[in-house]
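A quick write-up on the structure given underneath.
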Amino acid sequence: MKPIKIPTLQPRLHVLNHEQALAIHTAALEILEKTGFKMEHPRALELLVDAGCKVSNGDRVKLPSHLVEKALRSAPKQIDLYNQLGNKAMPLVNGNCFYGTGSDATFTLDLETGQRRRTVLSDVANFAKLVDGLENIAFNMSMANPEDVPIEDIYVFVFAEMVKNTNKPVVFIADRGRDIAKIYEIACLVAGGEKKLQERPFLLNYSEAISPLRFPVYVMEKLIFCAEKRVPICLPSGSNAGGGAPVTLAGAMALGIAENLVGLVVHQLVAEGAPFLFGPNVSVLDMKSTVVSYGAPEWSLTQAALADMRDEIYGLPIWAYAGASDAKVMDAQAGAEAMFSIVTALLSRSNLMHDVGFLEYGNTSSLEMVTMSNELVAMSRFFFEGIPVNEETLALEAIERVAKGGPGSIFLMDDHTYEHFRQAQFLPKLLDRSRYDPWREAGAIDIYTRCNSEVKRILAEHVVEAKPDDVLKGIDRILQRS
Amino acid sequence: MSEFKALTEAVLKGDIDKAVAETQKALDAGKNVQAILDESLIAAMGEVGDRYSKGIIFVPQMLRSAKTMKECMKLLEPLLKEAAVTTKGKVLIGTVKGDLHDIGKNLVSMMMEGAGFVITDLGVDVPPEKFVQKAQEVEPDIVAMSALLSTTMPSMPQTIKALEEAGIRNKVKVMIGGAPVTAKYAQEIKADCYAADAGSAVNEAKKLLGIS
């Protein structure tokens, strides 16, 4: 008889028990039933009223729990994002984890000077190309809010620049209904038509409501557009603890989840079964600087909690963040904070982690930071794979060979090592393990400088499969109309 | 300051009940209203600002002190009008048209109020004409604008233009701030200053008006 295969435990972090998860969920429902929310979009309001919500003072809506239950049942449990070549790239389901960059940074660290400066459109291209060339960065966001394009169509230009420079899935921002329609037009061109785009969506919209409990017209325009076109969307709000939400994490989560559920309900009322990525962003407002922290353990904790709530209650794939920092330069703080969020997001099985490569609480993007994070993700993935235990890995034969071998017999020389070292060990590319003297002789180069060189190498060498000419021309025609 | 030591301490600690009682006590004892304001309340808030800048206290503590001062001001205000006392300056503030975010703007208002400025807060989604209309009415020293969304930033130069067209641009200083706003942008649109956060908004306002 064949020996029983020993399953490998892949470490999983839990931070809530069932009672905690239910209590937060119940609190969210209570917020919607008793406090209610401000819905400023007439059609969304009408849909809610028709579905059975009560309205007072014109636009203050109270939402009964059964509508939430219904929306949770109709929303798909799996969202598949494809790359722009039409291949499935990100099956967002269960514990699948994918990392990607962030949106809208006002500044970036210049690749040549290292100085912080305003972002321009060519930065969007560089980040997209870099992401395309990094194996552990699965999707692309703009990383820039460029100052050199017309501001009313900024997100159209940014989206065009992204699809011109990467074939990976794109998470995008839009201002309102007007520009999201143009972005969708570009996406259809890239996918080869509306039908193909809907079959193989390569994009996901990120929009934000306003905490506490406010749903402006321009936000709901995007939500309704995405629902109708079946473009996957997530709709977190600014429910950061102490700013948009209560300072205590349980309350901030309850509020953020309540806000997300409003989005979900409206979304499913517009188009039952349309894809909705669940999850609030619950970081903290720093009590000294009043920035929303991107290096806070609280954010990692609340998204680990959300992953538990997904498994206990919601069943929908979830939105998260990782690989960012409040540090102004890519220093030890940046490394520590990036790693903390990367490894905890993976261990808690969040599904889609954005903001990789942000410094200065999301205000500055850094190509080097993305590149370092790519390696930190690899390191975390290695840890998360756990320890496979089987005949091959127990290696009793190798032990016997080496132990009984003559003088000079070492594991390093054994065939078992040769055959297994690539899988058995994490082999860093940028993290330095060299001996001291060679390190010093090579210029005593730190991680930032190594990442800088690696970025330059990728931008010089990596080839992004180009879009067909007619697609590029079509995109430019749309831009010229802008 | 020693004359109002208990009041000053209460504001520093954010003890609202105690501070209000001490203010009433000072008034009952016939103390000068301007002295209570300058030597105790504003002085205390100055100290609070210092402690915050040095990292000794956190924002909620500072805001609690500001709230405490505000409660005390309720007792002083009716008397201030009669006595025509001076203030640091008047600030008209709002989040610009198209933008509905107000946490940052509210923080700036609270901090400025704590520093002795008189604030008129127009709220969010404030169109240029409303800034102008209110500016004509209250004659502020500073018009302060906030924006969180980059797409709403153009409302700032539009408001400045509206102030020009109304002929009151040279009567006010324009201050701007918000996540996507930079010092460079302030220069470009000919605002008078940019403030990165609530604390620096107070300092910049004082600089603009030439007060310490």
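The sequence lines fix the lettering, A, B, ..., with proteins before strands; numbering per chain opens at 1.
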Quiz item: Quick one: what part of A/Ile154 sits under 4.5 Å from any heavy atom of chain B, side chain, backbone, both or neither?
Solution: side chain
Quiz prompt | A/Lys182, NZ atom: more than 12 neighbouring heavy atoms under 6.0 Å | solution = yes
Exercise. Give, as side chain, backbone, both or neither, the part of A/Glu208 having an atom under 4.5 angstrom from any heavy atom of chain B.
Key: neither
Quiz item: At a heavy-atom separation under 4.5 Å, does B/Tyr52 approach chain A through its side chain, its backbone, both, or neither?
Solution: side chain
Quiz prompt | Partner chain A: residue of B/Lys184, B/Gln61, B/His101, B/Met62 with the largest heavy-atom pair count (under 4.5 Å) | solution = B/His101
Exercise. Verify side-chain contact (heavy atoms from CB on, under 4.5 Å) between A/Glu147 and B/Thr182, making sure each step is shown before the conclusion.
Key: CA-CA 11 Å; A/Glu147 65 167 354; B/Thr182 60; over 6 Å; no
Exercise. For atom NZ of B/Lys134, decide whether the heavy atoms of other residues, nucleotides or ligands shown that lie under 6.0 angstrom number more than 12.
Key: no
Quiz item: Which value, rounded to the nearest 0.5 Å, describes the distance between B/Ile103 atom CD1 and A/Leu285 atom CG?
Solution: 7.0 Å
Practice problem: Considering only heavy atoms and a distance below 4.5 Å, find which of B/Ser150, B/Pro180, B/Gly199, B/Pro60 pairs most often with chain A. | Solution: B/Ser150
Practice problem: Mind checking the OG1-CZ spacing from A/Thr290 to B/Phe58? Nearest 0.5 Å is all I need. | Solution: 13.5 Å
Practice problem: Before giving the answer on side-chain contact (heavy atoms from CB on, under 4.5 Å), spell out for B/Thr152 and A/Tyr218 the whole-Å C-alpha distance, their side-chain angles and the decisive distance to 0.1 Å. | Solution: CA-CA 12 Å; B/Thr152 60; A/Tyr218 70 94; over 6 Å; no
Quiz prompt | Contact origin within B/Leu148 toward chain A - heavy atom pairs under 4.5 Å | solution = neither
Practice problem: Step through the shown structure and confirm whether more than 12 heavy atoms of other residues, nucleotides or ligands are within 6.0 Å of CD on B/Gln24. | Solution: yes
Quiz prompt | Derivation of the side-chain contact (heavy atoms from CB on, under 4.5 Å) call for B/Asp102 and A/Arg214 | solution = CA-CA 12 Å; B/Asp102 66 354; A/Arg214 183 164 186 184; over 6 Å; no
Quiz prompt | Contact origin within B/Ala179 toward chain A - heavy atom pairs under 4.5 Å | solution = backbone
